[in-house]
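Worksheet: one structure, shown below.
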Amino acid sequence: MAKDAMKLVANNKKAYHDYFIDEKYEAGIALHGTEVKSLRMGKCSIKEGFIRIEKGEAFIYGMNISPYEMGNIFNKDPLRPKKLLLHRSEIAKLDAKSSVQGFTLVPLQVYFKNGRAKLELGLARGKKLYDKREDIAKKDQRRELERQFKVKNL
């Protein structure tokens with residue numbers, strides 16, 4: 001396996017549609033054994049997830065890790081809040097920045113890096129409806145240009 005092997009488990013495309021991502025951070029996730037096995041099978045969703053900082057600790061809420069089939073009594077609640085592993089200084093910085101009006105912390109992706117489960121979180125500003133429409137128009141325009149280029153080169 002490569003030195004910095006990264007296996008993507010879940011991606012949050014909705015976050016890029018609804019928010020401007022200003023900064024990205026990487027955090028570990030405190031998980032139980034059956035949750036890790038379920039993650040390795042790719043059974044995770046972070047679409048409804050959000051991050052809160054409480055009493056100097058960061059937690060992710062709404063991250064759904066489906067129960068492991070062979071886990072029986074060891075399975076945990078799929079929607080339980082999971083602790084994020086960050087340095088104290090990073091947590092303090094994120095707490096200060098997210099308390100500013102209009103900023104929030106959103107999960108962007110879950111992946112395995114060197115065998116450890118990681119979460120990429122973003123410090124985000126909400127988009128207005130006209131910003132979303134503008135992004136959709138740009139995407140459509142780019143797609144149309146690619147289509148014309150493809151037809152021209154055939």
Side-chain angles (χ1 to χ4, degrees), residues 1 4-140 142-143:
M1 220 176 193
D4 289 323
M6 203 173 102
K7 181 188 171 221
L8 187 66
V9 178
N11 199 359
N12 191 357
K13 291 180 184 175
K14 189 177 175 214
Y16 291 100
H17 181 262
D18 292 341
Y19 300 99
F20 292 114
I21 309 298
D22 288 350
E23 294 178 38
K24 294 180 181 179
Y25 295 89
E26 182 180 73
I29 314 169
L31 298 171
H32 292 278
T34 55
E35 290 176 321
V36 176
K37 289 182 177 191
S38 190
L39 264 185
R40 287 198 190 282
M41 293 173 68
K43 307 243 172 121
C44 175
S45 171
I46 54 173
K47 283 188 179 82
E48 297 85 35
F50 60 95
I51 297 159
R52 265 204 204 128
I53 296 176
E54 300 165 349
K55 299 177 188 168
E57 293 182 335
F59 292 93
I60 180 165
Y61 294 88
M63 177 180 174
N64 188 349
I65 299 178
S66 301
Y68 182 58
E69 285 96 34
M70 276 79 103
N72 56 43
I73 62 167
F74 299 107
N75 279 331
K76 301 290 180 196
D77 176 29
L79 289 172
R80 75 176 182 85
K82 290 145 192 83
K83 186 175 177 182
L84 297 179
L85 308 173
L86 289 158
H87 290 284
R88 192 174 291 144
S89 59
E90 286 180 313
I91 292 174
K93 190 190 316 180
L94 286 172
D95 192 23
K97 288 183 178 180
S98 67
S99 62
V100 175
Q101 184 67 38
F103 279 96
T104 186
L105 297 170
V106 292
L108 301 175
Q109 54 182 291
V110 177
Y111 53 91
F112 280 98
K113 184 176 177 182
N114 298 331
R116 298 203 175 10
K118 301 285 185 180
L119 174 93
E120 185 178 58
L121 59 118
L123 184 66
R125 283 181 292 127
K127 283 186 181 177
K128 302 279 189 264
L129 185 61
Y130 58 84
D131 291 328
K132 293 180 191 178
R133 285 187 185 138
E134 198 174 286
D135 283 353
I136 292 170
K138 283 181 187 174
K139 195 184 291 181
D140 288 344
R142 187 170 54 244
R143 196 176 297 131

Kindly indicate whether the side chain of [X], heavy atoms from C-beta on, has any atom under 4.5 Å from the side chain of [Y].
X    : Y    : answer
E23  : F103 : no
L123 : L105 : yes
M63  : V110 : yes
L94  : L121 : yes
N64  : E48  : no
I65  : L31  : yes
V106 : I21  : yes

K132 bridged to D135 by N-O distance under 4.0 Å: no
Going from [atom1] on [X] to [atom2] on [Y], what distance comes out if it is rounded to the nearest 0.5 angstrom?
X   : Y    : atom1 : atom2 : result
F59 : I53  : CZ    : CD1   : 10.5 Å
D22 : R125 : CG    : CZ    : 4.5 Å
R52 : S98  : CZ    : OG    : 11.0 Å
H32 : R80  : NE2   : CZ    : 4.0 Å
K93 : E90  : NZ    : CD    : 6.5 Å
I46 : L108 : CD1   : CG    : 7.0 Å

Within a radius of less than 6.0 Å around [atom1] of [X], do more than 12 heavy atoms belonging to other residues, nucleotides or ligands occur?
X    : atom1 : value
K7   : NZ    : yes
Y19  : OH    : no
R116 : CZ    : no

Considering all heavy atoms, the nearest [X]-[Y] contact:
X   : Y    : result
S66 : S38  : O-OG, 2.5 Å
L39 : A117 : CD1-CB, 4.0 Å
C44 : A10  : O-CB, 3.8 Å

Are the side chain of [X] and the backbone of [Y] linked by a donor-acceptor contact shorter than 3.5 Å?
X    : Y    : result
S99  : D95  : yes
K43  : K37  : no
N12  : P107 : yes
K113 : K118 : no

Which is it for L85 and I29 under the side chain to side chain contact (heavy atoms under 4.5 Å, CB included) test, yes or no, and what are the steps along the way? CA-CA 6 Å; L85 308 173; I29 314 169; over 6 Å; no
